[in-house]
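Shown next, in structure tokens, is the structure this report addresses.
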Amino acid sequence: FSPDGRWIVTGSRDKTARVWDAGSGQLLRTLAGHEGRVVSASFSPDGRWIVTGSWDQTAIVWKAME
């Protein structure tokens, strides 16, 4: 969950992470860029950034909402 509880970020086997609206369940954004399944995803404490980790042994920092 984002610090304010508005969004949820999930990782997936399909090499993406997704950002969801916590209230409605609507998909807001798909984060694509890893070459392996995304096994971790978290918001920064201020909610401005998301970091994802993958089986491809990389981490990517994303702007939470553009």
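Computed from a prediction, not measured in an experiment: that's the story for all the values here. Along the sequence shown, residues are numbered consecutively beginning with 1.
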Is there a donor-acceptor contact under 3.5 Å from the side chain of Ser54 to the main chain of Gly36?
yes
Apart from Val61 itself, residues in the same hydrophobic cluster as defined by side-chain heavy atoms under 4.5 Å
Trp49, Val51
Using side chain to side chain donor-acceptor pair (under 3.5 Å) as the criterion, list what pairs up with Ser42, not counting sequence neighbours.
none
Can you see which heavy atom on Pro3 is nearest to which on Pro45, and at what distance?
CG-O, 3.1 Å
The criterion is side-chain contact (heavy atoms from CB on, under 4.5 Å); which residues satisfy it with Ala22, sequence neighbours excluded?
Phe1, Ile8
Under the side chain to side chain donor-acceptor pair (under 3.5 Å) test, which residues partner Thr30, sequence neighbours left out?
none
Going by side chain to side chain donor-acceptor pair (under 3.5 Å), name the residues that satisfy it together with Thr52, two or more places apart in sequence or in a different chain.
His34, Trp62
What closest approach, in Å, do Met65 and Arg29 show between heavy atoms, and which atom pair accounts for it?
N-NH1, 4.1 Å
Applying salt bridge (charged side-chain N to carboxylate O under 4.0 Å, His left out) as the test, list every pair that has at least one member in residues 44-56; sequence neighbours left out.
none
Output all residues satisfying side chain to side chain donor-acceptor pair (under 3.5 Å) with Ser40, sequence neighbours left out; order by chain, then residue number.
none
With sequence neighbours excluded, residues passing salt bridge (Lys or Arg N to Asp or Glu O under 4.0 Å) with Asp21
none
Can you list every pair that meets salt bridge (charged side-chain N to carboxylate O under 4.0 Å, His left out) and has a residue in residues 9-20, with sequence neighbours left out?
Asp14-Arg18
Is it true that Val19 and Val38 fall in one hydrophobic cluster, defined by side-chain heavy atoms closer than 4.5 Å?
no
